[in-house]
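Below is one structure, written out as structure tokens; the observations come after it.
Within every chain, numbering begins at 1; the chains are lettered A, B, ... in the order of the sequence lines, protein sequences first and strands thereafter.
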Number of protein chains: 2
Amino acid sequence: MEPDAAAAIGARLRATRQARGLSLGTLASRARVGKGSLSELENGARNPTLSTLYALAGALGVPLSTLLAERGGAEVTSPGIGARLLDATRHPDGTTVEVYLLHLDPGARHVSTAHGPGVVEHLLVTHGRARAGVTGREIEVGPGQTAVWQSDADHGYQALGRSAVEAVLTIRSPSREPGQAG
Amino acid sequence: MEPDAAAAIGARLRATRQARGLSLGTLASRARVGKGSLSELENGARNPTLSTLYALAGALGVPLSTLLAERGGAEVTSPGIGARLLDATRHPDGTTVEVYLLHLDPGARHVSTAHGPGVVEHLLVTHGRARAGVTGREIEVGPGQTAVWQSDADHGYQALGRSAVEAVLTIRSPSREPGQAG
DNA sequence: CAGTATTGTTCTGTATATGGAACAGCGCGA
DNA sequence: TCGCGCTGTTCCATATACAGAACAATACTG
């Protein structure tokens with residue numbers, strides 16, 4: 001297998017567990033999995049079995065595919081910028097929604113030309129500060145704040161200050177316009 | 001594990017293999033997996049390892065999540081409400097961010113008691129209309145709009161009108177307060 | 001400060017998943 | 001009828017994932 005696929009899944013496992021506020025021991029006992037197994041698994045030092053994966057996903061209340069990081073692995077769009085597609089759904093009425101997890105290195109900047117009409121982007125900053133929006137009308141957003149813009153004009157986002165930016169970027173395209181990360 | 005989860009995955013495996021017109025032996029050798037292992041695996045008499053699953057999925061040219069039985073495992077939190085965790089990350093500074101894909105049946109309503117201080121929730125509606133926010137101060141949002149609230153007070157969201165609501169819910173918790181979907 | 005949880009780690013014997021060999025059931029050509 | 005190539009199955013020795021215990025390192029509590 002990919003040498004670090006186990007590591008990736010372990011990291012996701014740990015992240016989800018901690019996000020739930022669970023200790024390693026409690027999750028292990030809830031999932032009826034050995035504490036040691038879970039520890040080594042989170043550290044990527046194991047090649048888990050389908051049964052243990054199911055058990056852990058079940059105890060976390062998460063579909064197993066969530067733990068299987070393999071959704072379009074970290075796509076690097078520009079230097080200093082990483083975007084990971086979390087989900088892309090197409091509603092029956094044709095609108096598509098893409099959800100990205102975005103990482104901007106300090107100072108990184110991304111600009112994009114206009115998309116089709118009606119495309120709306122939401123940038124929800126979870127760490128650091130950023131400037132985002134249509135070119136010339138950017139606004140500044142910090143953790144827990146969202147910038148929204150219509151991307152039918154040139155637009156972009158950039159990291160402010162000296163710390164990296166983590167954000168959730170959602171792109172909603174009304175009809176058949178394919179969304180691009182940015 | 002669920003007794004038939006292995007059987008389900010085995011069936012899918014066999015189906016995709018045959019759809020590719022591959023014999024058991026050729027797939028086994030391409031994936032560098034024992035013939036016997038693959039046979040028993042397809043018959044549901046095995047509890048495969050992540051590495052063998054990856055190897056087989058890779059040789060079939062299929063994302064692993066395709067082979068997993070639980071496609072689109074929607075977690076049902078309340079009747080008429082489905083939430084699927086897309087991602088849960090914990091930043092080094094301790095803040096955790098959870099991103100959910102949310103589905104509300106027409107008229108469905110969800111209320112939640114107060115979480116710890118500093119928790120911020122963002123509800124980005126991608127389809128339908130919803131009312132969301134702190135109890136008594138809800139706002140109405142439609143496609144492409146976001147409702148934001150501090151969830152240190154009772155809060156909730158509900159679908160308006162006669163169509164279902166699709167949304168992206170992001171919960172940002174500053175310290176170690178475990179986030180709950182809602 | 002000790003005393004006591006509670007954390008996550010490393011260790012160990014056992015169960016089992018693994019690759020490969022041996023096996024059986026075909027179709028086909030001579 | 002053989003023989004040969006193919007199919008997929010069952011068997012076996014070995015590697016390893018497993019549960020749990022024993023451990024260490026960090027908190028609370030008196």
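Looking at the side chain of B/Ser39, the nearest of the listed nucleotides C/dT9, D/dT9, C/dA17 is D/dT9. Here C/dA17 is the nucleotide among C/dA17, C/dG19, C/dG8 with the atom lying nearest to any side-chain atom of B/Asn47. You'll find that the side chain of A/Lys35 is closest to D/dA22, out of C/dT10, D/dA22, D/dC18. Residue B/Leu24 has its side chain nearest to D/dG8 when only D/dG8, C/dT10, D/dA17 are considered.
With hydrogens and angles left out, the side-chain atoms of A/His110 and A/Gln158 include no donor and acceptor closer than 3.5 Å. Between the side chains of B/Thr49 and B/Thr52, no donor N or O sits under 3.5 Å from an acceptor N or O.
When rounded to the nearest whole Å, the span between CG of A/Leu27 and P of C/dT7 equals 12 Å. Atom P of nucleotide D/dT9 and atom CG of B/Leu41 are separated by 12 Å, given to the nearest angstrom. In this entry the distance linking CG of A/Leu22 with P of C/dT7 reads 10 Å, nearest Å. Atom CG of A/Leu50 and atom P of D/dA17 are 15 Å apart (whole Å).
For A/Arg46 and D/dC18, the shortest distance from a side-chain N or O to OP1 or OP2 is below 4.0 Å. A close approach under 4.0 Å does occur between a side-chain nitrogen or oxygen of A/Thr49 and OP1 or OP2 of D/dC18. OP1 or OP2 of D/dC18 sits under 4.0 Å from a side-chain N or O of A/Thr52. Phosphate proximity of D/dA19 to A/Ser37: present, with a side-chain N or O under 4.0 Å from OP1 or OP2. At D/dG8, one or more side-chain N or O atoms of B/Arg17 fall inside 4.0 Å of OP1 or OP2 (strictly under the cut-off). Close to D/dT9, at under 4.0 Å from its OP1 or OP2, lies a side-chain N or O of B/Asn43.
Salt-bridge formation is detected for the pair A/Arg131/A/Glu138: a Lys NZ or Arg NE/NH1/NH2 atom is positioned less than 4.0 Å from an Asp or Glu carboxylate oxygen.
Between the side chain of B/Asn47 and the main chain of A/Ser51, a donor-acceptor pair closer than 3.5 Å is present.
Both B/Arg14 and A/Glu40 sit near DNA chain D, but only B/Arg14 has its closest nucleotide nearer the 5' end.
How far CD of B/Glu40 is from NZ of B/Lys35: 13.0 Å, rounded to the nearest 0.5 Å.
B/Ser23 comes within contact range of the sugar-phosphate backbone alone, with a heavy-atom separation under 4.0 Å but no base atom that close. Using a 4.0 Å heavy-atom cutoff across all strands shown, A/Glu42 reaches no nucleic acid atom at all.
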